[in-house]
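This report refers to the structure that appears directly beneath it.
Throughout, residue positions are numbered sequentially from 1 according to the sequence presented. Computed over heavy atoms, backbone and side chain alike; hydrogens, waters and symmetry mates excluded.
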Amino acid sequence: MEENHKPATSSSFKKGDDKEESSEVEKPEKETKSEQPQSQDIDDKEKEERAGIKHTLQKSYDDIETFLSKLENDAEAPDIPEFVHKYVDLVEKKLSKHEPLFHDDGSFLKVVDQISRLYKHLSDSDKAPLINRIGQIQQQAMCYLEDEFRSLLEEPDLKQEVVADQHGEDQSTLDQSKEESNFSGYSYQVIPKLNKIAKEMIFGGYESECCEAYMVTRRNIIDETLNKLGYEKISIDEAQKMQWEMLEKNIPPWIKAFKQCTKVYFSNECRLVETVFSGYPSLSTNLFSNIVRGVFLQLLNFVEAVATIKRSTEKLFKFLDIYDTLRDNLSTLDGVLPKWAEELRNEMTTTRCRIGEMAIFIFCDLESAIKSDTEKTPVPGGAVHPLTRYTMNYLKYACDEYKETIEKVFKDHSKIERANSTNKPRSYEGDSEKNKYDDENQSPFVGQVLRILDLLDSALEAKSKLYKDIALSCIFMMNNGRYMLQKIKSSAEIHQAMKDTWCRKTSSDLRNYHQTYKRETWMKLLGCLNVEGLNVNGKVVKPVLKERFKSFNAMFDDIHRTQSLWVVNDKQLQSELRVSISAIVIPAYRSFLARFSGYLDPGRQTEKYIKFQPEDIETFIDDLFDGNSGSMSRKKP
């Protein structure tokens with residue numbers, strides 16, 4: 001049916017159709033529930049009239065069908081018999097009743113089909129008045145079909161129970177029908193109705209109205225479904241004005257909506273449109289294209305909006321979540337979208353690349369965060385620096401939760417990473433090129449992690465110089481180095497990626513700091529126990545001996561008081577330090593005490609110069625590195 005054969009638009013016809021009806025036809029229309037009660041005689045008469053129309057239409061159906069066969073088969077149009085005019089009158093009167101026209105027997109669709117065929121085959125005849133009248137009736141009928149089509153689409157329902165004998169079908173057939181229709185969200189009875197209405201509207205020349213009704217309604221339903229998942233449309237302008245905390249809350253619903261669309265909704269939509277518009281493959285493809293394109297671009301626009309916000313390191317993981325979602329669902333989308341969707345695939349790939357690039361920039365911004373930490377106040381007690389905690393927890397979480405994704409991102413966008421990084425990594429073992437952090441044989445991501453660790457180590461060395469006490473700066477470096485090492489070893493993912501080179505180098509550094517600490521503190525204390533100068537001509541010089549005991553007591557008291565305030569949170573490191581201190585101090589003091597204590601006069605002189613027994617020394621050493629003020633007076637018996 002050509003479009004130019006359609007009479008006035010459906011909206012204009014609806015507004016004016018009441019005026020074209022006779023007063024006899026309008027009478028039933030004015031009978032509403034609000035005007036009841038009317039006389040029983042009128043009600044009975046109305047019922048008889050409606051039953052008569054139905055009976056007459058059914059009786060005329062075969063006659064019209066025979067006439068249409070002649071029109072379709074004869075080269076010359078036959079004369080129009082009187083029953084055609086009467087049939088048109090009956091159809092017009094039925095339409096004017098404004099009562100439910102759709103029944104399970106499909107009688108109304110049969111009538112509409114005949115009206116459309118009459119209009120199609122008589123349009124070239126010289127019966128202009130009759131043709132116009134049939135055209136108006138067809139248009140009114142199509143308005144009813146469109147309303148019914150839209151109404152059925154607007155009410156998807158999967159909860160409707162299937163009754164086995166409702167239409168004389170056996171249970172197995174109905175179960176199969178229900179299973180096949182569940183994908184659409186509509187009951188098994190609705191899908192065939194939608195298909196029949198669509199075919200009738202297309203045959204009658206109302207293809208555009210049918211398609212528009214379908215497309216608008218289905219798009220609205222999908223939007224409502226996504227809203228129920230918590231997804232909200234956010235423009236680029238809105239995203240740039242939102243606080244990150246608010247925007248961040250919208251990312252999980254977007255991920256859920258995107259996955260549902262690619263894995264469920266799009267494939268179901270494809271099956272639904274192909275079922276409703278079966279027999280019209282080109283039409284169903286275009287409809288599916290328009291619906292999916294709108295939804296898909298809307299979802300990608302959200303990602304574009306997120307990609308425009310200001311970068312910061314805490315946003316990395318949400319960007320990686322989005323990247324994962326786009327990457328993981330690309331293959332799924334390929335199975336749903338036909339070849340015509342190449343544009344959408346390209347859009348998705350472009351968006352994914354942009355998010356990947358942003359993720360790399362954010363990860364590399366960790367270097368800038370380390371460089372920008374110019375705090376000049378040393379951490380009390382030489383404890384682990386907040387920068388160390390943040391950086392190592394950040395790297396550990398990234399590797400434990402996102403290593404595969406980050407590896408993929410860095411592999412795909414390594415040129416960006418190399419251009420963005422301003423640090424040149426140092427070698428851990430000699431100057432061999434293959435041991436450089438930017439070794440071409442290692443992954444770009446691991447190279448970037450090593451650069452960050454190297455930069456952090458350099459920053460910590462600079463911060464250690466803020467301590468005036470060299471021993472405390474060594475404690476600071478041991479604390480931070482051990483923290484870094486433990487984080488690396490506690491993450492199987494990052495430890496495997498880093499291998500043992502970095503760990504060996506860091507462990508070696510920790511041993512060196514340990515030796516420097518002992519040399520700066522405890523070896524100086526042991527100098528007080530030096531026997532040189534104590535013997536003169538084979539005799540112990542008591543004043544010198546007293547001064548040695550006095551110096552030892554004062555220095556140990558000062559060390560205990562000071563280093564009890566220092567902090568070593570790692571229990572293993574704390575134990576290692578205490579054990580190593582005891583191993584060099586207690587044997588030397590015990591030996592000195594055993595050798596020279598007898599030269600002091602018993603009583604007050606002994607108590608004055610021998611303040612500590614070896615057991616006391618061990619007890620006080622166990623006070624060190626707790627971060628608490630040490631008091632010898634309360635410790636001594």
Side-chain angles (χ1 to χ4, degrees), residues 212 214-270 273 285-312 314-338 340-362 405 409 412-413 416:
E212 182 178 0
Y214 182 90
M215 187 166 61
V216 171
T217 306
R218 287 302 304 169
R219 177 61 192 273
N220 290 338
I221 289 174
I222 293 176
D223 287 344
E224 291 175 7
T225 304
L226 296 183
N227 287 336
K228 290 180 181 178
L229 295 177
Y231 169 72
E232 297 180 5
K233 299 178 184 177
I234 297 178
S235 66
I236 293 178
D237 290 339
E238 291 171 335
Q240 291 176 337
K241 295 176 183 177
M242 292 176 70
Q243 294 291 329
W244 168 245
E245 291 74 15
M246 293 299 297
L247 185 60
E248 184 181 21
K249 292 179 180 178
N250 287 279
I251 294 177
W254 174 88
I255 291 174
K256 188 174 182 180
F258 192 89
K259 289 181 177 179
Q260 284 292 97
C261 282
T262 55
K263 294 181 178 179
V264 180
Y265 298 153
F266 288 169
S267 59
N268 285 351
E269 192 63 40
C270 181
V273 72
T285 298
N286 288 335
L287 280 171
F288 180 64
S289 169
N290 291 331
I291 293 171
V292 169
R293 176 181 170 80
V295 176
F296 193 71
L297 292 181
Q298 173 188 319
L299 291 170
L300 291 185
N301 284 340
F302 174 83
V303 181
E304 292 290 341
V306 172
T308 62
I309 63 175
K310 185 178 179 180
R311 300 196 314 255
S312 60
E314 72 273 8
K315 300 172 184 176
L316 171 67
F317 305 112
K318 289 301 179 183
F319 275 71
L320 293 176
D321 287 338
I322 294 175
Y323 185 90
D324 257 342
T325 302
L326 294 173
R327 183 195 64 183
D328 294 345
N329 290 277
L330 181 59
S331 59
T332 304
L333 201 62
D334 284 339
V336 176
L337 299 178
W340 52 261
E342 186 66 28
E343 178 188 354
L344 295 184
R345 290 195 194 91
N346 292 338
E347 289 277 356
M348 183 174 177
T349 301
T350 300
T351 303
R352 179 170 60 88
C353 288
R354 185 172 183 186
I355 286 293
E357 293 169 4
M358 288 292 293
I360 286 184
F361 283 133
I362 291 174
T405 300
V409 171
D412 291 346
H413 310 284
I416 298 171

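- Counting only residues at least two apart or in different chains, side-chain hydrogen bond (donor to acceptor under 3.5 Å, both in side chains) contacts with residues 228-237 comprise S235-E238.
- The shortest side-chain heavy-atom distance between M358 and V306 does not fall under the 4.5 Å cut-off.
- Side-chain contact between Q240 and I236 is present, with heavy atoms from C-beta onward closer than 4.5 Å.
- Looking at I234 and M242, their side chains come closer than 4.5 Å, going by heavy atoms from C-beta outward.
- Residues I355 and V409 are not in side-chain contact: their nearest non-hydrogen atoms beyond the backbone lie 4.5 Å or more apart.
- F258 pairs with exactly one of V303, D328, L326, I322 by the side-chain contact (heavy atoms from CB on, under 4.5 Å) rule, that one being L326.
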Practice problem: Evaluate the criterion side-chain contact (heavy atoms from CB on, under 4.5 Å) for residue pair V295 and L226; output intermediate values, then yes/no. | Solution: CA-CA 10 Å; V295 176; L226 296 183; 4.1 Å; yes
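- Ring geometry for F302 versus W254: interplanar angle under 30°, hence parallel rather than tilted (30 to 60°).
- Counting heavy atoms of neighbouring residues, nucleotides and ligands inside a 6.0 Å radius, atom CD of E245 exceeds 12 of them.
- In this structure, NZ in K310 is found 8.0 Å from NZ in K315, a value given to the nearest 0.5 Å.
- Between E248 and P252, the shortest heavy-atom distance links the atoms O-CD, 3.2 Å.
- Considering SG of C270 and CG of L287, their distance stands at 11.5 Å, rounded to 0.5 Å.
- For the atom pair R354 CZ and F319 CZ, the distance stands at 9.5 Å (nearest 0.5 Å).
- Scanning all heavy atoms of the two residues, the minimum distance from A239 to I309 falls at O-CG2, 3.9 Å.
- In this structure, CD1 in I255 is found 12.5 Å from CG in L229, a value given to the nearest 0.5 Å.
- E212 CD: 12 or fewer foreign heavy atoms inside a 6.0 Å radius.
- Side-chain atoms of S267 come within 3.5 Å of backbone N or O of V264 as a donor-acceptor pair.
- By the 4.5 Å heavy-atom criterion applied to side chains, R218 and V273 are not counted as neighbours.
- With sequence neighbours excluded, no residue forms a ring pair (Phe, Tyr, Trp, His ring centres under 6.0 Å) with Y323.
- With sequence neighbours excluded, no residue forms a side-chain hydrogen bond (donor to acceptor under 3.5 Å, both in side chains) with N250.
- To the nearest 0.5 Å, atoms OH (Y214) and CZ (F288) are separated by 9.5 Å.
- The closest donor-acceptor contact from the side chain of T351 to the backbone of E347 lies under 3.5 Å.
- Considering CZ of R219 and CD1 of I221, their distance stands at 12.5 Å, rounded to 0.5 Å.
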Practice problem: Evaluate the criterion side-chain contact (heavy atoms from CB on, under 4.5 Å) for residue pair L299 and M348; output intermediate values, then yes/no. | Solution: CA-CA 10 Å; L299 291 170; M348 183 174 177; over 6 Å; no
